[in-house]
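Here is how names work: the chains are called A, B, and so on, in the same order as the sequence lines, proteins then strands, and each is numbered from 1. Predicted model, so just to flag it, every value in this text is computed and none were measured.
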2 protein chains.
Amino acid sequence: MEFSELLRSEGQSMTLGKGEHVFRQGEGDKSFYYVRSGLLKAFYVSDDGKEFIKSFIVPGDFIGCMTSAYLGGTCAFGLLCLAPTQLDRIPFERLYWHSRADLELAHFFIDRLLQLAMKKERREYEFLCLSAEARYRALVESAPTLLEQVTQNDLARYLGLTPVGLSRIKRRIHGG
Amino acid sequence: MEFSELLRSEGQSMTLGKGEHVFRQGEGDKSFYYVRSGLLKAFYVSDDGKEFIKSFIVPGDFIGCMTSAYLGGTCAFGLLCLAPTQLDRIPFERLYWHSRADLELAHFFIDRLLQLAMKKERREYEFLCLSAEARYRALVESAPTLLEQVTQNDLARYLGLTPVGLSRIKRRIHGG
DNA sequence: ATGGAATTTTAACCTCGGTTAACGCCCCCC
DNA sequence: GGGGGGCGTTAACCGAGGTTAAAATTCCAT
């Protein structure tokens with residue numbers, strides 16, 4: 001079975017506006033979401049109210065909270081639309097269950113997970129080995145279109161900085 | 001087919017001493033390794049010679065460089081034994097190939113990848129949201145046995161600090 | 001046991017980015 | 001058109017951790 005077929009048969013379409021939550025940190029949400037269009041952010045909020053952006057999610061991406069869906073706990077992060085967004089929702093359990101019985105779907109799942117693991121490995125590399133300034137430079141190189149879609153605030157919190165810090169770095173690089 | 005069976009039929013056992021490399025950064029190595037016993041570190045070396053430790057690998061872990069094995073490039077990091085180590089080596093291509101035709105193996109692979117993704121997600125969380133001191137505290141909590149097996153130097157480079165910085169943090173926490 | 005190397009600690013100085021606060025800008029809504 | 005709130009920038013001050021160097025300690029290997 002193809003993944004798109006599974007979405008048709010067991011998925012559910014959703015349309016959300018800018019600013020709407022898909023799920024919140026601390027809730028239980030055992031679904032996975034395929035992004036048809038729009039833009040979202042996945043983010044942590046610390047005890048003292050600070051926000052940290054885990055990732056931006058763009059069309060074609062596949063997202064859900066594994067600690068909730070796979071382990072059965074609560075969501076470690078929240079998911080919010082930064083623009084009007086169309087999603088296909090599917091219970092993780094259905095995807096997991098079908099992949100146990102269907103080689104094509106299992107293979108699709110494996111490829112997706114390999115890509116996810118490589119993406120996270122790269123982010124690990126950037127936090128481990130690069131300075132904040134170097135992380136910003138790398139992002140400008142690798143995802144220039146993203147810079148036009150998200151605010152400076154969100155960009156900073158994705159890079160592990162404050163907006164003030166990012167503004168300073170930009171001045172250092174671009175302006176004299 | 002069970003994974004252990006695949007290892008028996010297509011894997012190859014290796015015994016390495018402390019200080020030996022499994023593969024080096026920049027090489028091509030398309031194998032994956034199952035760790036029977038021992039301890040290893042996976043690490044990056046920057047252009048100016050600084051070392052950054054990506055992860056420690058312990059018995060039961062499964063490790064290989066995806067960018068080399070899956071994408072066909074060169075290894076983004078190196079892998080070195082910190083203690084005498086026994087490994088089972090298997091070409092990634094064989095594991096991937098069999099998982100396309102064998103549901104049990106595919107399922108094993110999916111579970112491993114989900115666990116890997118969650119592990120990397122947690123490390124991302126720690127770099128994104130925690131200070132160096134908080135990362136050290138979290139490690140003391142979650143992996144106390146590791147602290148006895150690796151040097152302070154390697155621990156620091158795993159936490160994204162210098163040995164000097166880690167020593168200072170320890171004094172701040174433990175000693176007055 | 002002993003000499004040498006690696007590891008860990010300490011100290012002095014410095015840099016980067018956090019914090020707070022003020023200011024200007026833009027957008028949007030009333 | 002006017003007011004308010006989010007966003008981006010700037011400035012002043014501060015603190016965590018980097019860098020360098022030297023001393024103290026531990027670990028081995030001969």
message = I need the NZ-P distance between A:Lys170 and D:dC7, as an integer number of Å.
response = 14 Å
ask   = Under 4.0 angstrom, heavy atoms only, what part of the nucleic acid is B:Leu166 near: base, sugar-phosphate, or nothing?
value = nothing
ask   = Is the base of C:dG18 touched by the side chain of A:Arg168 through a donor-acceptor pair closer than 3.5 angstrom?
value = yes
inquiry  = Quick check on DNA chain C: between B:Asp154 and A:Lys50, whose nearest nucleotide comes earlier from the 5' end?
reply    = B:Asp154
task = Give me the one residue out of B:Lys54, B:Arg123, B:Lys120, B:Lys119 that meets salt bridge (Lys or Arg N to Asp or Glu O under 4.0 Å) with A:Glu121.
result = B:Lys54
note = note: B:Arg171, atom CZ; D:dG17, atom C1'; distance rounded to Å ~ 12 Å
message = Is there a side-chain contact between A:Asn153 and the phosphate of D:dG6, meaning an N or O under 4.0 Å from OP1 or OP2?
response = no
task = To the nearest Å, give me how far apart CD (B:Glu148) and P (D:dT26) are.
result = 17 Å
task = Find out whether the Lys NZ or Arg CZ of B:Arg100 is both under 6.0 angstrom from the six-membered ring centre of B:Trp97 and within 45° of the ring's axis.
result = no
query = Is there a side-chain contact between B:Tyr70 and A:Gln115, using heavy atoms and a 4.5 Å cut-off?
reply = yes
task = Could you state the atom-to-atom distance from CD of A:Gln152 to P of C:dC25 in whole Å?
result = 17 Å
ask   = What does B:Ser167 touch in the nucleic acid at a heavy-atom separation under 4.0 angstrom: a base, only the sugar-phosphate, or nothing?
value = base
key: Between P of C:dG18 and CG of B:Leu128, the distance in whole Å   = 12 Å
ask   = What is the distance from CZ of A:Arg157 to C1' of C:dT19, rounded to the nearest Å?
value = 14 Å
ask   = Side chain of B:Thr162: nearest nucleotide among C:dT8, D:dT19, D:dG8?
value = D:dT19
inquiry  = Of the options C:dG17, C:dT8, D:dG18, whose atoms approach the side-chain atoms of B:Leu161 most closely?
reply    = D:dG18
message = Please identify which of these residues, A:Arg8, A:Arg36, A:Gln12, meets the side-chain contact (heavy atoms from CB on, under 4.5 Å) condition with A:Asp88.
response = A:Arg36
remark   = In whole angstroms, the gap separating P of C:dC16 from CD1 of A:Ile173 amounts to 12 Å
Proximal nucleotide (of C:dA21, C:dT8, D:dG17) relative to the B:Ile169 side chain = D:dG17
task = Flag yes if more than 12 heavy atoms outside B:Glu20 fall under 6.0 Å of its CD atom; otherwise flag no.
result = yes
inquiry  = Expressed as a whole number of angstroms, how long is the span from B:Leu155:CG to D:dG17:C1'?
reply    = 16 Å
